[in-house]
K.L.:
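Once you've had a glance at the structure underneath, I'll fire off some questions.
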Amino acid sequence: MTLTQADIDAEMAAERAAYDQRLADGAPVEHHPRRDYAPYRSSVLRHPKQPPIAIDVTKDPELVELSSPAFGERDLTAVDNDLTIQHPGEPVGERITVSGRLLDRDGRPVRGQLVEIWQANSAGRYAHQREQHDAPLDPNFTGTGRTITDDDGFYRFTTIQPGPYPWRNHVNAWRPAHIHFSLFGTAFTQRLVTQMYFPNDPLFPYDPILQSVTDDAARQRLIATYDHSLSVPEFSLGYHWDIVLDGPSATWIEEGR
Amino acid sequence: MTKTDTSVPENVLPTPSHTVGPFYGYALPFRGGEDIAPLGHPDTVTVHGHVLDGEGRPLPDALIEVWGPDSEGRVPAADGSMRRDPATGTYLGRNGVEFTGWGRVQTDADGHWYVRTLRPGARGRNAPYLSVCVFARGLLVHLFTRIYLPGDDAALAADPLLARVPGDRRDTLVAQDEGHGTYRFDIRLQGEGETVFLEYK
Ligand SMILES: [Fe+3]
């Protein structure tokens, strides 16, 4: 049986309706996707069926999960946050500047922590061997970046606008353009991997990965804002994207800093 | 709206998680990611296993992160897990002296992974354990679990988390001793023998 976009659309609509019903029944807002989200077919055999066991971190300050690995200057090179100068030549595509703040769920800046990104090139192709999408590789673009947040929690990357790309979830499945982000907080409990999208992408309603976030407001938080003040004259267009880490941190350690 | 107004705490809402996807392999893994213990340290243990899906098939595209204390139970504060060569931009590997406590490894084509790290020391009332975070294509939100090492039955029996895990699932959190400081820890995402996963509140 060949899965069409219409099949996936119907499944996504059913998932949204189920979420609306849960909300109407008094269930809490869901800020994250459910791991069991069948329209994204790869999730079917890869989500646990047993509920997780909850650990109340306020009961035990000794938990190693309340601390996080450290990263420093020697984990980076000078060009790591500029994906346009990592090769001898200029990459093809529209240059962009992506910046924002890394915050914890109390709105405090997360300082000195590692932000990693990876993305497709302007033609929608990843520099990954297993990637067989028939679009050109760019010898001047790898698509990986790293930085460490500053004292106000800001990160900043210079890169190329990634292209959308097809994938095999169903017939004519296309991912909206996105940048993958990996983030650390002050506690390992705050670990996050996610994706940033660009405003007004016509592919949003068709993409089961984005739509796995069934809450409308939560989904909007994955979409960067065009920010003219971040655009660099004669050089790049600016996008602002703040990231809020979920998961508890060790407030008794942070206080007084 | 992705500019967060931090003056109104109710407006500070979490950024949703997304899958790591299939193509992180050229971005996230790094040389020596799995060799966490300082070179030649006598308290080094090797932990290895498979990551398996609901049909028992190994995942060739899972990413495991391990975070743990040193043998005395101290939380490491050293950076340098992914040291870089400023001249070439390549990974230098760890310096083999400092213990950063954190490692990252991608499963191989057989769904197999390993880390070499220090045998964790106990912290507080907890039996010694390594914290684990699992990422994979198809996994929309990462999964946390713990690797407890066998040997000290009294410590395991007194552990506050293990005490709350149903008896028939407890063994999924305790690695199997294979001798010579090597331990086996399989991660089953779904189905028979499903690993106990954790969430922190
Ligand atoms: Fe992608």
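Quick caveat, the model's predicted, so the values are computed rather than measured. Letters A, B, ... are given to chains in the order of the sequence lines, protein chains preceding strands, and every chain is numbered from 1.
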K.L.:
Of the non-hydrogen atoms in P14(B) and R221(A), which two are nearest, and what is the gap between them?
P.N.:
O-NE, 2.9 Å
K.L.:
Using 0.5 Å steps for rounding, measure from the NE2 atom of H240(A) to the OG1 atom of T4(B).
P.N.:
7.0 Å
K.L.:
Could you tell me which portion of A78(A) (side chain, backbone, both or neither) has an atom closer than 4.5 angstrom to a non-hydrogen atom of chain B?
P.N.:
neither
K.L.:
Report the residue from L103(A), V213(A), L222(A) that forms a side chain to side chain contact (heavy atoms under 4.5 Å, CB included) with T15(B).
P.N.:
L222(A)
K.L.:
At a heavy-atom distance under 4.5 Å, which candidate from I209(A), L210(A), L245(A) has the highest pair count against chain B?
P.N.:
I209(A)
K.L.:
Can you label the angle between the H128(A) ring and the F23(B) ring as parallel, tilted or perpendicular, going by 30° and 60°?
P.N.:
tilted
K.L.:
Side chain, backbone, both or neither: which part of V196(B) has a heavy atom under 4.5 Å from chain A?
P.N.:
side chain
K.L.:
I'd like to know which of T142(A), D104(A), V79(A) tops the heavy-atom pair count under 4.5 Å against chain B.
P.N.:
T142(A)
K.L.:
For each of V75(B), T100(B), L143(B), tally heavy-atom pairs with chain A at distances under 4.5 Å, and name the one with the top tally.
P.N.:
L143(B)
K.L.:
Looking only at non-hydrogen atoms, find the nearest pair between D75(A) and R84(B) and report the distance.
P.N.:
O-CG, 3.3 Å
K.L.:
Under a 4.5 Å cutoff for heavy-atom pairs, which residue among G145(A), G72(A), G247(A), A127(A) has the most contacts with chain B?
P.N.:
A127(A)
K.L.:
Say you draw a straight line from OG of S43(A) to CG of D53(B); how long is it, rounded to the nearest 0.5 Å?
P.N.:
12.0 Å
K.L.:
Kindly indicate whether the side chain of S67(A), heavy atoms from C-beta on, has any atom under 4.5 Å from the side chain of W67(B).
P.N.:
yes
K.L.:
Quick one, R219(A) and P16(B) - any side-chain contact, counting heavy atoms below 4.5 Å?
P.N.:
no
K.L.:
Run the numbers on T19(B) and Y40(A) for side chain to side chain contact (heavy atoms under 4.5 Å, CB included), then give the verdict.
P.N.:
CA-CA 10 Å; T19(B) 175; Y40(A) 174 33; 3.6 Å; yes
K.L.:
Stepwise, does the side chain to side chain contact (heavy atoms under 4.5 Å, CB included) test hold for T172(B) with Q50(A)?
P.N.:
CA-CA 13 Å; T172(B) 70; Q50(A) 304 284 338; over 6 Å; no
K.L.:
Let's test your reading of the structure: which of G73(B), S17(B), G89(B), P76(B) forms the most heavy-atom pairs below 4.5 Å with chain A?
P.N.:
S17(B)
K.L.:
Is chain A contacted by the side chain of Y91(B), its backbone, both, or neither, given a heavy-atom distance below 4.5 Å?
P.N.:
side chain
K.L.:
Flag the one option from I53(A), T77(A), T144(A) with the top tally of heavy-atom pairs under 4.5 Å to chain B.
P.N.:
I53(A)
K.L.:
Taking the side chain as C-beta and beyond, is there a heavy-atom pair between S182(A) and R104(B) under 4.5 Å?
P.N.:
yes
K.L.:
Would you say that S212(A) contacts H18(B) through its side chain, given a criterion of any heavy-atom pair below 4.5 Å between the two side chains?
P.N.:
yes
K.L.:
Counting only non-hydrogen atoms closer than 4.5 Å, does Y200(B) touch chain A with its backbone (N, CA, C, O), its side chain (CB onward), both, or neither?
P.N.:
both
K.L.:
Side chains of F188(A) and E65(B): does their closest heavy-atom pair fall under 4.5 Å?
P.N.:
yes
K.L.:
Aromatic rings W102(B) and F184(A): how do their planes relate, parallel, tilted or perpendicular, breaks at 30° and 60°?
P.N.:
perpendicular
K.L.:
Rounded to the nearest 0.5 Å, how far apart are NE2 of H142(B) and CG of L192(A)?
P.N.:
7.0 Å
K.L.:
What closest approach, in Å, do A70(A) and A77(B) show between heavy atoms, and which atom pair accounts for it?
P.N.:
CB-O, 3.5 Å
K.L.:
Nearest heavy-atom pair of G124(B) and E62(A): which atoms, and what distance?
P.N.:
CA-CG, 3.8 Å
K.L.:
Picking from V244(A), I117(A), L114(A), which has the most non-hydrogen pairs under 4.5 angstrom with chain B?
P.N.:
V244(A)
K.L.:
So which part of H31(A) gets closer than 4.5 Å to some heavy atom of chain B, the side chain, the backbone, both or neither?
P.N.:
both
K.L.:
Between T6(B), L13(B), V8(B), which residue shows the highest count of heavy-atom pairs closer than 4.5 Å to chain A?
P.N.:
L13(B)
K.L.:
Would a distance-only check, ignoring hydrogens and angles, find a side-chain to backbone donor-acceptor pair under 3.5 Å from E65(A) to S131(B)?
P.N.:
no
K.L.:
If we define contacts as heavy-atom pairs under 4.5 Å, which of R57(B), R169(B), R188(B) has the most with chain A?
P.N.:
R169(B)
K.L.:
Do the non-hydrogen side-chain atoms of Q190(B) and H47(A) ever get within less than 4.5 Å of each other?
P.N.:
yes
K.L.:
Sort out for me which of L92(B), D85(B), D61(B) touches chain A most, counting heavy-atom pairs under 4.5 Å.
P.N.:
D61(B)
K.L.:
Based on non-hydrogen pairs under 4.5 Å, which of L63(A), D215(A), V44(A), D56(A) is most in contact with chain B?
P.N.:
L63(A)
K.L.:
Are side-chain heavy atoms of R35(A) and L189(B) found at a separation under 4.5 Å?
P.N.:
no
K.L.:
Donor-acceptor pair, distance only, cut-off 3.5 Å: does the side chain of R137(B) make one with the backbone of S42(A)?
P.N.:
no
K.L.:
Examine whether an atom of R34(A) lies under 4.5 Å from a heavy atom of chain B, and if so say whether it belongs to the side chain, the backbone or both; otherwise answer neither.
P.N.:
backbone
K.L.:
Verify whether one side chain among E116(A) and Y24(B) offers a donor that lies under 3.5 Å from an acceptor in the other.
P.N.:
no
K.L.:
Answer yes or no: are there more than 12 heavy-atom neighbours, outside R164(B) itself, under 6.0 Å from its atom CZ?
P.N.:
yes
K.L.:
Side chain, backbone, both or neither: which part of L161(B) has a heavy atom under 4.5 Å from chain A?
P.N.:
side chain
K.L.:
What do you reckon, is CD of E73(A) surrounded by more than 12 foreign heavy atoms closer than 6.0 Å?
P.N.:
no
